[in-house]
2 protein chains.
Amino acid sequence: MSRIYIEDLHRHVGEEVTIRGWLYHKRSSGKIRFLVVRDGTGLLQCVMVKANVTEEVFALSDALTQESSLAVTGMVKKDDRAPGGVEMEITSLSVIQIAKEYPISPKEHGVDFLMDHRHLWLRSSRQHAILRVRHQIISAIREFFDNRGFILMDAPIFTPAACEGTSTLFETEYFDMGKAYLTQSGQLYGEAGAFALGKTYVFGPTFRAEKSKTRRHLTEFWMVEPEVAFNDLKDNMELAEDFLEHIVASVLKHRMPELKALERNTKFLENVKAPLPKISYTEAVDLLKAKGVNVAWGDDFGGADETVISENFDRPVIVHHYPTKIKAFYMKRDAENPETVLAMDVLAPEGYGEIIGGSQREDDLDALVQRIQEHQLPQSAFEWYIDLRRYGSVPHAGFGLGVERTVAWICGLDHVRETIPFPRMIYRLTP
Amino acid sequence: MSRIYIEDLHRHVGEEVTIRGWLYHKRSSGKIRFLVVRDGTGLLQCVMVKANVTEEVFALSDALTQESSLAVTGMVKKDDRAPGGVEMEITSLSVIQIAKEYPISPKEHGVDFLMDHRHLWLRSSRQHAILRVRHQIISAIREFFDNRGFILMDAPIFTPAACEGTSTLFETEYFDMGKAYLTQSGQLYGEAGAFALGKTYVFGPTFRAEKSKTRRHLTEFWMVEPEVAFNDLKDNMELAEDFLEHIVASVLKHRMPELKALERNTKFLENVKAPLPKISYTEAVDLLKAKGVNVAWGDDFGGADETVISENFDRPVIVHHYPTKIKAFYMKRDAENPETVLAMDVLAPEGYGEIIGGSQREDDLDALVQRIQEHQLPQSAFEWYIDLRRYGSVPHAGFGLGVERTVAWICGLDHVRETIPFPRMIYRLTP
């Protein structure tokens with residue numbers, strides 16, 4: 001009675017089974033029809049020999065269009081050349097629906113056309129591979145933190161104050177309470193969580209109304225943000241490298257067929273083992289200068305700078321101790337050099353840029369208040385956050401990892417738009 | 001070198017260890033001080049005997065205020081009366097920060113006061129218990145679907161069209177593309193996912209701008225929505241009951257101490273085993289009438305009606321075959337009685353109301369278009385969704401489970417506001 005999926009067929013060799021799914025493609029050769037059927041878990045080549053089926057069934061096969069829904073019944077045969085190691089000899093076939101002419105044909109389509117048909121494009125093997133890797137990455141993220149006793153801390157999406165200017169915030173009317181803004185990061189809430197539960201992680205969608213059209217930007221993207229009481233910068237870097245090692249190892253272990261389908265060279269991925277190389281921001285500036293990049297100490301790195309830095313490493317590199325003035329108010333200054341903060345970014349290799357940004361947080365009450373004033377932020381909006389420094393402040397640190405950039409890097413994609421089922425970009429709100 | 005947490009102390013009996021955390025409360029008895037320390041993973045009673053520590057350390061203990069941060073060092077002793085089975089004999093203590101007077105004292109506080117201090121209230125044992133159960137429920141949800149080969153399908157938060165009227169939608173300006181609306185459900189996207197990947201689940205925050213002040217309503221809440229190609233109503237009900245059984249069993253297995261801390265009577269929870277009782281909407285109406293409720297066939301059930309229905313069962317009950325006219329356009333009508341749809345709701349016992357709503361979906365192209373017209377919805381906004389019925393339509397079904405209502409039910413809470421770290425309600429947008 002239980003349903004059989006293509007991914008399980010290797011356990012049913014020699015049995016007659018029924019698979020329900022969609023026609024992926026077909027070809028004819030005399031009195032033989034080859035139907036490749038997909039059911040969401042894999043592809044199955046089904047061979048229909050005219051002599052083995054009724055005339056009616058044989059005729060049906062010629063009526064099948066791409067993406068027609070059907071049920072095929074037949075004998076499962078071992079075939080080492082086939083993707084799942086099996087194929088089917090069809091004994092019967094029934095059509096559920098003959099699909100209208102499918103818009104996505106094997107010929108090349110432009111990105112806009114494919115994105116307009118994203119609900120159908122998701123049916124392609126390439127998109128399946130990406131979504132399965134995405135699934136694995138998210139599963140590995142949760143596994144990593146859950147196994148270490150972190151408690152999930154869903155941060156609110158609606159936030160009351162525009163913390164760092166409204167230019168990159170989406171806003172909405174919130175009943176009679178004025179405007180609410182869509183969160184850009186759950187970190188401040190994660191800090192409250194770390195003081196309550198010791199080790200927490202926020203994991204949810206975040207929003208940036210940036211007018212960026214780069215291949216690294218989405219307006220909504222998922223971010224995971226661990227936060228740990230009593231962690232310092234060093235602990236934070238160690239957590240980040242263990243975390244990346246775990247994610248990459250999980251994908252390499254469970255999703256190798258998908259990486260192969262994406263023609264991903266896994267050489268750099270296999271190098272992702274803790275400890276990762278670490279350089280200070282100052283060293284990174286020297287490195288850029290040595291490569292002829294026009295950069296001065298105190299400048300923020302752009303995507304191109306990150307690429308030049310990461311080209312020097314065959315695995316992700318951690319850059320730490322950034323200039324105070326280019327980083328957020330909540331980062332703790334280095335006591336030995338207050339011109340720098342205890343920040344760290346992890347840059348992925350192969351030009352994928354920043355995938356992790358984090359820091360030790362300012363845990364001193366007076367210093368935090370001073371930093372809020374220096375950044376000309378409305379202190380009243382942060383009183384609850386400042387409370388964390390009034391009532392048992394402790395050193396603590398955390399970071400955020402962007403899921404879509406991580407998917408793009410691990411899959412080796414040119415653009416983040418394929419890393420999420422329905423991407424949202426400055427010019428894209430549909431389907 | 002590795003840090004020791006209170007939850008691990010049973011493995012360190014007879015050792016001298018250091019715990020870092022916060023003072024939960026303290027009491028004195030002559031030359032003994034009892035300090036209860038929390039570190040986020042548990043509570044630890046630490047006993048300080050004057051003769052065992054320096055005078056300076058003994059004096060320090062008297063300066064400690066509630067929620068002061070500290071490190072305590074001492075010998076771990078077995079004590080079966082203690083919550084984690086151990087206590088500590090302090091040999092040394094260092095203060096990280098003396099907390100200012102903590103606003104949340106053991107005395108009773110009003111809900112508004114506690115909600116205003118939600119960032120601190122999260123430090124209480126009761127909130128810890130709820131958040132750990134929430135964590136377990138979410139973990140069990142993912143485990144259930146991942147183990148069955150479902151692929152995660154994150155649906156977009158920004159949606160282009162106001163599908164069912166704008167009155168309960170939050171809206172935001174979306175660059176030059178007009179308005180975007182915050183999703184109320186990822187289901188339609190989940191259907192596209194099921195046609196691509198066979199078995200998918202959407203899991204993310206959803207938004208309702210309902211002006212409801214009931215104990216069951218939040219403006220942002222998390223929902224998980226599985227969708228399965230080739231499932232019918234019967235399969236859908238079976239999936240829902242297996243799913244609930246798995247969630248409840250996982251909490252009972254892993255979070256019994258938390259349920260005890262919440263004084264939850266687990267009798268009804270232990271009954272949550274598939275199959276669950278099932279009654280049709282028509283039978284439910286008869287049941288309500290027999291109980292003296294003034295209800296007519298065709299009426300939608302309110303929260304009070306759901307409570308009366310669920311009082312007849314000692315476990316969740318599935319109500320199916322609701323009237324077509326009170327349900328959404330995408331639900332498939334029953335071929336034998338088109339006045340009803342192949343819908344199902346799961347009502348939790350003890351008055352917790354609907355925790356699952358689902359249906360078999362309309363898979364016929366013409367019937368779906370007709371239903372969209374009957375509901376006076378803008379067909380153009382649904383063309384992509386209608387496409388799913390043009391290109392290989394198949395029977396399919398799914399449901400949505402509201403995380404916060406499920407947490408409230410399993411924890412036995414009066415109100416959903418404590419089921420999420422930072423609740424958002426019509427009158428609550430902070431902290």
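Predicted model, so just to flag it, every value in this text is computed and none were measured. So you know, we letter chains A, B, ... as the sequences are listed, proteins then strands, and number each from 1.
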Quiz prompt | Working for side-chain contact (heavy atoms from CB on, under 4.5 Å), residues H119(A) and D387(B) | solution = CA-CA 8 Å; H119(A) 53 294; D387(B) 269 357; 2.8 Å; yes
Quiz item: Would I138(A) and R142(B) count as a side-chain contact (heavy atoms from CB on, under 4.5 Å) if you check the C-alpha gap in whole Å, the side-chain angles of each, and the deciding distance to 0.1 Å?
Solution: CA-CA 10 Å; I138(A) 290 171; R142(B) 294 184 176 268; 4.0 Å; yes
Exercise. Determine, step by step, whether T172(A) and F207(B) satisfy the side-chain contact (heavy atoms from CB on, under 4.5 Å) criterion, reporting the C-alpha distance in whole Å, the side-chain angles of both residues, the deciding distance to 0.1 Å, and the verdict.
Key: CA-CA 12 Å; T172(A) 186; F207(B) 305 87; over 6 Å; no
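The CZ atom of R424(A) lies 9.5 Å from the CZ atom of F158(B); values are rounded to the nearest 0.5 Å. Distance CE/M177(A) to OG1/T430(B): 6.0 Å, rounded to 0.5 Å. The distance from the CZ atom of F230(B) to the OH atom of Y5(A) is 8.5 Å, given to the nearest 0.5 Å. Atom CZ in F422(B) sits 9.5 Å away from atom CG in L188(A) (nearest 0.5 Å). The distance from atom CG of L120(A) to atom CZ of F195(B), rounded to the nearest 0.5 Å, is 10.5 Å. Rounding to the nearest 0.5 angstrom, the gap separating the CG atom in L182(B) from the CD atom in E220(A) is 9.0 Å.
Of the listed residues M425(B), Q66(B), E383(B), E143(B), the one with more heavy-atom pairs under 4.5 angstrom with chain A than any other is M425(B). Counting heavy-atom pairs closer than 4.5 Å to chain A, the top residue among P423(B), P103(B), G42(B), P395(B) is P103(B). The greatest number of non-hydrogen atom pairs below 4.5 Å with chain B, out of H117(A), R20(A), E7(A), is found for R20(A). Contact count versus chain B (heavy atoms, under 4.5 Å) is highest, among D146(A), L429(A), L152(A), D235(A), for L429(A). For chain B, the option among E67(A), Q136(A), R118(A) with the highest count of heavy-atom pairs below 4.5 Å is E67(A). By number of non-hydrogen pairs under 4.5 angstrom with chain A, the leading residue of I96(B), I157(B), I98(B), D39(B) is I157(B). Contacts with chain B were tallied for P156(A), G198(A), G21(A); P156(A) has the most, counting heavy-atom pairs under 4.5 Å. Of the listed residues (E173(A), R38(A), Q127(A)), the one with the most heavy-atom contacts under 4.5 Å to chain B is R38(A). Ranking P205(B), G204(B), G178(B) against chain A, the residue ahead of the rest is P205(B), based on heavy-atom pairs under 4.5 Å. Highest contact tally toward chain B, considering only S139(A), A192(A), P421(A), is held by P421(A) [criterion: heavy-atom pairs under 4.5 Å]. Note on A99(B), G392(B), G40(B), A155(B): by heavy-atom pairs under 4.5 Å with chain A, the leading option is G392(B).
Contact annotation for Y201(A): only side-chain heavy atoms (C-beta onward) come within less than 4.5 Å of a heavy atom of chain B. With a 4.5 angstrom heavy-atom cutoff, N231(A) touches chain B via backbone and side-chain atoms both. With a 4.5 Å cut-off on non-hydrogen atoms, I151(A) touches chain B through its backbone and its side chain both. Heavy-atom distances place the backbone of E210(A), and not its side chain, under 4.5 Å from chain B. Only the side chain of W222(A) has a heavy atom closer than 4.5 Å to any heavy atom of chain B. Looking at L365(A), the atoms closer than 4.5 Å to chain B (heavy atoms on both sides) all sit in the side chain, from C-beta outward. Residue E101(A) touches chain B through its backbone alone, counting heavy-atom pairs closer than 4.5 Å. Contact annotation for P431(A): both backbone and side-chain heavy atoms come within less than 4.5 Å of a heavy atom of chain B. If you measure heavy-atom distances from S68(A) to chain B, the contacts under 4.5 Å come from the backbone alone.
Every pair passing side chain to side chain donor-acceptor pair (under 3.5 Å) that includes a residue from residues 191-200 of chain A is listed here, sequence neighbours excluded: Q187(A)-E191(A), E191(A)-Y385(A), E191(A)-R389(A), E191(A)-H396(A).
Surrounding CG of N147(A) are more than 12 heavy atoms belonging to other residues, nucleotides or ligands, all under 6.0 Å away.
At distances below 3.5 Å, at least one donor-acceptor pair connects side-chain atoms of S69(A) with backbone N or O atoms of S393(B).
Looking at Q97(A) and D363(B), their side chains never come closer than 4.5 Å, going by heavy atoms from C-beta outward. Between V228(A) and R3(B), the closest side-chain pair of non-hydrogen atoms falls below 4.5 Å. The shortest side-chain heavy-atom distance between L197(B) and R132(A) falls under the 4.5 Å cut-off.
With D154(B) as the fixed residue, the side-chain contact (heavy atoms from CB on, under 4.5 Å) test singles out one of E404(A), H135(A), R134(A): R134(A).
Evaluation of the side-chain contact (heavy atoms from CB on, under 4.5 Å) rule for I426(B) yields F175(A), K211(B), K213(B) as partners, not counting sequence neighbours.
Between Y391(B) and Y102(A), the ring-plane angle classifies as perpendicular under the 30° and 60° cut-offs.
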